[in-house]
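Each residue takes its place number in the sequence, starting with 1. No experiment lies behind these values; they were computed from the predicted model shown.
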Amino acid sequence: MQLLGYIRQTMPTRRIGSRISFSSDDLDKTLALELGETTSQAAPLIDDETFIRRASLDLTGNLPTPEKIKSFLADQNTNKRADYIDELLETQAYARKWARYWTSVIFYESEANKRRVNPQALEDWLAEQFHKGAPWDYITVMLISATPERNKKVKNDYGQDYGPNNFVLACENKSTELASETARIFMGISIQCAECHDHPFDNWKREQFHELAAFFHPYTYKMPSQDDPTVKTVVKPRFLLGEKPYENMKSDARRVSIAAYLAYNPKNYWFARAYVNRIWSELIGDGFYDVDSLGPDGDVVHKPVVNRIAANFRFKDFDPKWLFRLIMNSKVYQRQMRTMDSPSELFTAVRPSRLRPDVVANSVNHLTGEHPNLRKEIAQVFDMNPSLPQSALEGSIQQALLLMNQQELQQALSQSELKQKLQAISSDAELVQTLYLNILARHATPEEVERNVSYLKDSEKRDEAVEDLIWVLLNCTEFRTKR
């Protein structure tokens with residue numbers, strides 16, 4: 001790690017980066033040049049109330065409290081949106097939310113024996129790194145260069161309690177799986193099919209895949225013949241861009257060397273671009289390309305924009321918080337939501353997005369208090385592949401039924417502090433506004449106030465009417481989506 005630290009400190013981009021600035025305003029201008037005439041179709045900017053809910057959910061996975069919403073709306077500071085983004089980035093909730101996201105990225109399709117991995121240890125380690133502002137290259141290097149060892153004195157101890165080991169263990173410490181997942185997660189390149197044959201659509205060759213896999217093998221790596229798997233050929237480690245490590249390296253040193261090639265090779269633009277594309281996709285609802293399926297000839301929308309952001313991400317020492325600030329302070333992030341049918345419309349608005357399972361669970365928890373079994377059930381029912389684009393995600397009947405009928409949830413709502421708080425409010429209009437602020441994190445519109453007040457007045461039992469109104473908002477689409 002000392003060698004990697006030296007490489008990092010002497011990177012030319014560190015010297016260049018100190019002289020370069022790229023602001024959110026620069027980002028909007030760069031994107032406008034790409035969009036051309038389509039810029040005129042851009043959606044209007046969101047109001048403060050929409051912004052505080054969107055930013056809170058995106059950065060922390062939590063709804064803002066009614067008190068925070070009111071104070072934010074009353075704040076006359078013209079820089080309050082940027083200040084709020086800075087405030088959220090310093091919270092433990094920010095670190096935990098994104099630690100959960102990356103843990104899900106690593107484990108979602110893992111077939112590793114559950115007794116030999118510890119996703120919670122990985123999540124805790126990632127949360128610690130994000131909270132203290134660790135750069136993405138450091139986090140990546142720690143994950144890829146990890147060398148977990150089995151402790152035979154303790155049953156099922158494979159070193160999984162040390163967070164970084166779990167990327168390797170999620171890949172079952174298999175050379176081919178590590179090669180495939182390293183390319184997918186940290187370069188945004190899908191090369192797994194090259195394990196058996198040359199890539200059908202891109203330039204990756206079968207030999208390149210196995211040269212990459214050789215970095216992760218503890219001994220001499222042998223590639224099976226395409227025609228006869230019993231016939232194997234010795235393959236030397238070689239990075240995808242052609243670099244070869246020193247031949248007499250031990251296996252753990254080879255992992256460090258591939259981490260260095262991955263993160264610090266200035267020609268490997270995929271490393272920074274893959275991270276930028278994932279975060280952009282999460283915040284805007286669409287990526288510049290599918291998050292883990294880009295190859296040398298992959299289709300990229302508005303390539304100059306993502307390349308420029310990625311270059312500056314590298315100049316800024318791969319600082320995740322810098323990237324969040326850049327995107328979230330831009331107009332492209334702060335535009336209203338709209339579905340888009342063609343690639344030419346992308347980034348003229350933010351795409352409506354389903355909230356991830358932990359965020360839905362947080363929102364329910366916000367209303368009911370902590371119920372571990374309920375959180376676990378929500379996490380299972382709302383589970384989704386974090387690498388799929390929002391346009392490919394669909395809701396399910398099970399999700400709707402859980403919010404409508406789940407017994408523990410309904411009981412918790414009927415006994416909730418929110419219900420008691422609402423029942424103590426004598427003014428119907430004030431009750432409705434409190435209801436909306438607590439569940440949807442916004443004020444009710446005049447039409448919504450009129451409709452809900454009318455329902456309260458027509459109801460014979462006020463406590464049942466209040467419970468009905470809570471149930472209705474909990475089950476509306478707005479509760480489980482980003483607006």
Side-chain angles (χ1 to χ4, degrees), residues 41-58 62-78 80-81 84 285 328 331 333-340 348-355 359-360 362-364 366-368 395 400 403-404 410 413-414 416-483:
Q41 301 173 22
L45 299 180
I46 53 178
D47 57 27
D48 285 341
E49 204 167 57
T50 306
F51 171 82
I52 189 174
R53 182 181 190 267
R54 185 184 295 182
S56 298
L57 289 174
D58 276 339
N62 294 318
L63 290 168
T65 64
E67 293 74 23
K68 187 67 186 178
I69 296 170
K70 291 175 183 176
S71 67
F72 188 75
L73 296 180
D75 190 348
Q76 298 300 308
N77 179 5
T78 55
K80 65 181 179 181
R81 294 191 182 190
Y84 189 57
M328 296 180 71
K331 289 180 180 176
Y333 174 77
Q334 297 185 16
R335 293 199 182 282
Q336 292 179 7
M337 294 211 162
R338 186 171 67 201
T339 55
M340 286 153 280
T348 57
V350 174
R351 182 181 291 277
S353 303
R354 296 180 182 280
L355 299 180
V359 181
V360 175
N362 288 349
S363 297
V364 171
H366 177 69
L367 303 178
T368 64
L403 293 181
M404 290 171 67
Q410 301 309 316
L413 287 174
S414 69
S416 65
E417 290 184 12
L418 174 60
K419 182 185 173 185
Q420 295 173 23
K421 181 179 177 182
L422 293 172
Q423 285 180 309
I425 300 174
S426 57
S427 164
D428 286 350
E430 184 184 346
L431 185 156
V432 172
Q433 291 295 6
T434 304
L435 176 78
Y436 273 71
L437 280 169
N438 276 275
I439 301 181
L440 299 183
R442 68 169 172 85
H443 287 86
T445 64
E447 293 77 15
E448 288 167 338
V449 172
E450 182 181 355
R451 185 167 60 246
N452 284 278
V453 167
S454 175
Y455 182 76
L456 286 168
K457 290 188 182 304
D458 292 343
S459 301
E460 295 181 0
K461 296 183 178 178
R462 188 176 178 81
D463 63 328
E464 291 183 0
V466 169
E467 203 167 313
D468 288 345
L469 294 180
I470 294 174
W471 184 90
V472 168
L473 292 195
L474 177 77
N475 282 280
C476 71
T477 304
E478 187 176 340
F479 180 76
R480 51 183 184 272
T481 55
K482 189 170 72 173
R483 69 167 189 270

Can you establish whether the number of heavy atoms outside E450 located under 6.0 Å from its atom CD is more than 12? no
Donor-acceptor check, side chain of E49 to backbone of H443, threshold 3.5 angstrom: yes or no? yes
Working to the nearest 0.5 Å, report the span between CD of E467 and NZ of K461. 11.5 Å
Rounding to 0.5 Å, atoms CG (L469) and CG (N452) come to a distance of 5.0 Å
Starting from the C-alpha separation in whole Å, work towards a yes-or-no answer on side chain to side chain contact (heavy atoms under 4.5 Å, CB included) for K482 and D58. CA-CA 9 Å; K482 189 170 72 173; D58 276 339; 3.0 Å; yes
Should the pair D47-R442 be classified as a salt bridge under the 4.0 Å nitrogen-to-oxygen rule? no
Which distance, rounded to the nearest 0.5 Å, do you find between the OG1 of T65 and the NE2 of H366? 7.5 Å
Give the intermediate values and the outcome of side chain to side chain contact (heavy atoms under 4.5 Å, CB included) for residues M337 and T481. CA-CA 11 Å; M337 294 211 162; T481 55; over 6 Å; no
Without swapping roles, check the side chain of Q76 against the backbone of A74 for a donor-acceptor pair under 3.5 Å. yes
Using the salt bridge (charged side-chain N to carboxylate O under 4.0 Å, His left out) criterion, which residues pair with R483? Sequence neighbours excluded. E478
Within a radius of less than 6.0 Å around NZ of K331, do more than 12 heavy atoms belonging to other residues, nucleotides or ligands occur? no
From L73 atom CG to F51 atom CZ, the distance as rounded to the nearest 0.5 Å: 12.0 Å
Is it the case that atom CD in E417 sees more than 12 heavy atoms from other parts of the structure closer than 6.0 Å? no
So V432 and R451, side chain to side chain contact (heavy atoms under 4.5 Å, CB included) or not? Walk me through it. CA-CA 10 Å; V432 172; R451 185 167 60 246; over 6 Å; no
Go through the steps to decide whether R462 and Q423 satisfy the test side chain to side chain contact (heavy atoms under 4.5 Å, CB included), and finish with yes or no. CA-CA 8 Å; R462 188 176 178 81; Q423 285 180 309; 5.9 Å; no
Heavy atoms of V449 and A444 approach each other most closely as CG2-CB, 3.8 Å
Salt bridge (charged side-chain N to carboxylate O under 4.0 Å, His left out) against R338, all qualifying residues, sequence neighbours excluded: none
Using a 3.5 Å distance criterion without hydrogens, assess whether the side chain of Q410 forms a donor-acceptor pair with backbone atoms of L403. yes
So, for S56 and N62, which heavy atoms are closest and what is the spacing to 0.1 Å? CB-O, 3.2 Å
Specify the closest pair of heavy atoms between M340 and T348, including all atoms of both residues, with the distance to one decimal. SD-OG1, 4.1 Å
Side chains of P352 and T477 in contact at under 4.5 Å (non-hydrogen atoms): no
Expected output: side-chain S353 to main-chain R351 donor-acceptor under 3.5 Å: yes
Can you tell me how far apart CG (L437) and CZ (R53) are? Round to the nearest 0.5 Å. 12.0 Å
Rounded to the nearest 0.5 Å, what separates atom CZ in R81 from atom CD1 in I52? 10.5 Å
Going by the rule ring-ring contact (aromatic ring centres under 6.0 Å, His included), which residues pair with Y436 if we only count those two or more places apart in sequence or in a different chain? none
Could you tell me which non-hydrogen atom of F479 sits nearest to which non-hydrogen atom of L367, and how far apart they are? CE1-CD1, 4.0 Å
How close do V360 and L355 get, heavy atom to heavy atom, and via which atoms? CG2-O, 3.7 Å
For the residue pair Y84 / D75, report whether a side-chain donor-acceptor contact shorter than 3.5 Å exists. no
Test your reading of the model: is there a side-chain donor-acceptor pair from Q336 to the backbone of V350, 3.5 Å cut-off? no
